[in-house]
K.L.:
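I'd like to ask you about the structure that follows.
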Amino acid sequence: MTDLSPVLAALDADRDGALERLFELIRIPSISTDPAWKADCRRAAEWLVADLATIGFAASVRDTAGHPVVVGHHDGDGPSVLFYGHYDVQPVDPEGEWASPPFAPRLEERDGRTVIAGRGSADDKGQLMTFVEACRAFKKVHGKLPCKVTVIFEGEEESGSPSIVPFLHANATELKADYALVCDTNMWDAQTPSISVGLRGLMEEEIVVTAADRDLHSGYFGGAAANPIHIVAKIVADLRDTDGRILIPGFYDGVDETPPDILAMWNGLGRTPEAFLGSVGLKHPVGEKGRTLLELTWARPTAEVNGIIGGYTGEGFKTVIPGKASAKISCRLVHRQEPETIRAAFRQFVRERVPADCSVAFINHGGAPATQLPYDSPVLGKARAALTDEWGRETIMACMGGSIPIVGLFQAMLGMDSVMVGFGLGDDRIHSPNEKYDLNSFRKGARSWARILSALAA
Ligand code: BES
């Protein structure tokens, strides 16, 4: 057994060092979805390997067909844990909306809290470093870790994890552990810790509609020639009815009703649409009528257009009928909805709306099923007590509307349920300009992992 209090004290004593290390990592623009940043993704992986080595991990950059995966191993007496985080980040656009450069991290005061500003500060570099700092402190104080620890840091989480399935397949024996720990989720609020037991899945698909074989003069051809932007717009508009129900045939197959006791628990948490939407300048939920806010964001599926491209968007004006238009569309999935079944139904829905003299091409951008974990496993009980000790508040068992593909894969491929503990907050602006991570999340997050590792070892 390793005494916990000197470890917590060591974390407090090395706060500046920890912050500087996180800043170094944030400075590397590891945007995974855009090939322009490929070398930086590798640089982030190499930075992590070098940092893990200073703690005594046997770590390496492992090549995949896409961005590399970082794997590190460290011996320990207790049970074995596999910790997951991702070092890749989302693109920064619209870049002009950043108050300070996205890859020049700095401390700022926002809403009375000190925050670390920068792309990836919350999603997920700050989060993954909370765990690394906890390990560093154990090592410094005791010369060892309380558990046998393997870390896996992915470089493609934000772009649909295309390489992770073959990677897990090839390395299953090496990665299998007693517990999987994932730090990529949120707290309930800035004071209240949370464990996530549910995530939505995802189906991502791009459609490219081609009409004429070139861009046309909209006066000469207008009124006769099909406009692919109108075709795309009609497809997008047809996705939902006015009550927010999604109209892709078969879409709701496998969507279950949330049990009344769970709904009652969620209602007891008291999150209102006014407060939730008010924080981003909105008021009225747009999802299915008659559903509560948490149901809409945690337990109901969506169909959203994430991007739409076509026609003349430069300065001034051009009277053109474009030859092509495209849209990036994704569905958040719940319960037993299968990404590939939904993709096939979506494609059919799209084909039915493309005129006979036009064509559509599909680009599969990946997908992941939803995950639901038991609320009452012994390991969650330990993590819950450790979090409550650190934060001085009862830990809330929550779900997340976002997706973390690895969690389902750990379940399906390694037979491991994940303990999802994260210190992000609803106002972190992840995926948006001016992303931040609360300094308090970073500091107490590291202390929380120290407590959790110690509890798992006990
Ligand atoms: N950290 C998020 C998941 C998340 C979102 C947790 C909101 C808590 C609140 C994760 O890194 C993420 O953004 N995942 C992507 C996955 C996708 C690109 C496959 C997502 O949900 O869009």
Side-chain angles (χ1 to χ4, degrees), residues 30-34 44 66-67 84-92 119-131 152-165 181-190 192-206 271 276 279-280 293-294 296-299 301-307 328-334 339 342-343 364-371 373 396-409 418-432 435-438 441 445:
S30 45
I31 301 169
S32 61
T33 197
D34 181 344
H67 300 299
Y84 168 89
H86 62 91
Y87 67 77
D88 65 321
V89 302
Q90 287 277 343
V92 297
R119 172 57 91 226
S121 55
D123 192 10
D124 183 42
K125 290 173 174 174
Q127 300 250 58
L128 77 83
M129 287 305 287
T130 58
F131 185 84
I152 174 170
F153 299 140
E154 187 189 358
E156 298 185 326
E157 197 270 353
E158 300 290 14
S159 47
S161 299
S163 307
I164 205 73
V165 169
L181 311 175
V182 173
C183 192
D184 194 23
T185 52
N186 281 1
M187 311 223 302
W188 175 250
D189 61 30
T192 317
S194 160
I195 296 180
S196 300
V197 291
L199 295 169
R200 287 195 286 192
L202 197 59
M203 188 288 297
E204 293 166 285
E205 183 87 346
E206 187 169 343
R271 183 170 283 175
F276 185 69
S279 72
V280 293
L293 176 77
L294 288 183
L296 287 175
T297 55
W298 289 356
T302 68
E304 298 280 354
V305 53
N306 304 118
K328 296 171 194 275
I329 291 169
S330 65
C331 299
R332 296 285 167 180
L333 309 179
V334 300
I342 299 291
R343 189 186 311 281
N364 176 337
H365 283 277
T371 324
L373 303 171
I396 288 191
M397 306 303 276
C399 296
M400 290 284 145
S403 311
I404 308 175
I406 198 90
V407 173
L409 298 173
S418 299
V419 179
M420 285 187 273
V421 172
F423 310 98
L425 294 172
D427 64 0
D428 282 345
R429 297 173 181 261
I430 61 172
H431 299 203
S432 305
E435 178 175 351
K436 62 85 175 163
Y437 195 44
D438 276 33
S441 287

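Indexing begins at 1, ligand by ligand and atom by atom, following the structure's order. Computed from a predicted model, the values in this text were never measured in an experiment.
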K.L.:
Under 3.5 Å between any N/O of Thr185 and any N/O of ligand 1: does that happen in this structure?
P.N.:
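N/O-N/O distance under 3.5 Å: no.
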
K.L.:
Please confirm whether Asp123 comes within less than 3.5 Å of ligand 1 when only nitrogen or oxygen atoms on both sides are compared.
P.N.:
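There is such a contact, yes.
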
K.L.:
Ser330 versus Leu202: any side-chain heavy-atom pair under 4.5 Å?
P.N.:
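Yes; the side chains approach each other to less than 4.5 Å.
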
K.L.:
Considering only heavy atoms, does Glu158 approach ligand 1 within less than 4.0 Å through its side chain, its backbone, both, or neither?
P.N.:
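It is both parts that get close, each with some atom under 4.0 Å.
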
K.L.:
Can you confirm whether Asn364 sits close enough to Arg343 that some side-chain heavy atom of one is under 4.5 Å from a side-chain heavy atom of the other?
P.N.:
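Heavy-atom side-chain distance check passes, below 4.5 Å.
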
K.L.:
Heavy atoms only: which of Ser403, Gly402, Gly367 lies closest to atom 16 (C) of ligand 1?
P.N.:
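It is Ser403 whose heavy atom sits nearest to atom 16 (C) of ligand 1.
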
K.L.:
Can an N or O of Gln90 be found at a distance shorter than 3.5 Å from an N or O of ligand 1?
P.N.:
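For ligand 1, there is no N or O atom that lies under 3.5 Å from one belonging to Gln90.
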
K.L.:
When you measure from atom 12 (C) of ligand 1 to each heavy atom in Glu157, His365, Gln127, Glu156, which option holds the nearest one?
P.N.:
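Minimum heavy-atom distance to atom 12 (C) of ligand 1 goes to Glu157.
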
K.L.:
Could you list the atoms of ligand 1 found under 4.0 angstrom from a heavy atom of Arg332?
P.N.:
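With Arg332 as reference, the close atoms of ligand 1 come out as 20 (C), 21 (O), 22 (O).
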
K.L.:
Can you tell which part of Leu202 has a heavy atom less than 4.0 Å from ligand 1: side chain, backbone, both or neither?
P.N.:
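For Leu202, only side-chain atoms sit under 4.0 Å from ligand 1.
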
K.L.:
How about Asn306 and Glu204: do any of their side-chain heavy atoms sit closer than 4.5 Å?
P.N.:
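Sidechains of Glu204 and Asn306: no contact.
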
K.L.:
Atom 7 (C) of ligand 1: which protein heavy atom is closest, and how many Å away?
P.N.:
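Nearest neighbour among protein heavy atoms for atom 7 (C) of ligand 1, to 0.1 Å: Ile430 CD1, 3.9 Å.
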
K.L.:
Can you find a heavy atom in the side chain of Tyr437 that is under 4.5 Å from one in the side chain of Thr130?
P.N.:
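Tyr437 vs Thr130: side chains touch.
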
K.L.:
Under 4.0 Å, counting heavy atoms only: does Arg200 come that close to any atom of ligand 1?
P.N.:
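Not so, Arg200 does not reach ligand 1.
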
K.L.:
For ligand 1, is there an N or O atom under 3.5 Å from any N or O atom of Asp184?
P.N.:
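Yes.
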
K.L.:
His431 to ligand 1: N or O pair under 3.5 Å?
P.N.:
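In this structure, His431 places an N or O atom under 3.5 Å from an N or O of ligand 1.
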
K.L.:
As an exercise, identify every atom of ligand 1 less than 4.0 angstrom from a heavy atom of Met400.
P.N.:
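Here the atoms of ligand 1 in question are 8 (C), 9 (C).
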
K.L.:
side-chain hydrogen bond (donor to acceptor under 3.5 Å, both in side chains) with Ser163: which of Glu156, His67, Glu154?
P.N.:
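For Ser163, the side-chain hydrogen bond (donor to acceptor under 3.5 Å, both in side chains) check succeeds only for Glu156.
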
K.L.:
More than 12 heavy atoms of other residues, nucleotides or ligands under 6.0 Å from CZ of Arg429: is that the case?
P.N.:
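At most 12 heavy atoms, drawn from other residues, nucleotides or ligands, come within 6.0 Å of this atom.
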
K.L.:
Which of these, Ile404, Val407, Leu181, sits in a side chain to side chain contact (heavy atoms under 4.5 Å, CB included) with Tyr84?
P.N.:
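That would be Ile404; it is the only one of Ile404, Val407, Leu181 passing the side chain to side chain contact (heavy atoms under 4.5 Å, CB included) with Tyr84.
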
K.L.:
Can you see which heavy atom on Gly408 is nearest to which on Thr371, and at what distance?
P.N.:
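For Gly408 versus Thr371, the nearest heavy atoms are N-OG1, 4.0 Å.
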
K.L.:
Please assess Leu425 against Met187 for the test side chain to side chain contact (heavy atoms under 4.5 Å, CB included), listing each intermediate value before the final yes or no.
P.N.:
CA-CA 6 Å; Leu425 294 172; Met187 311 223 302; 4.0 Å; yes

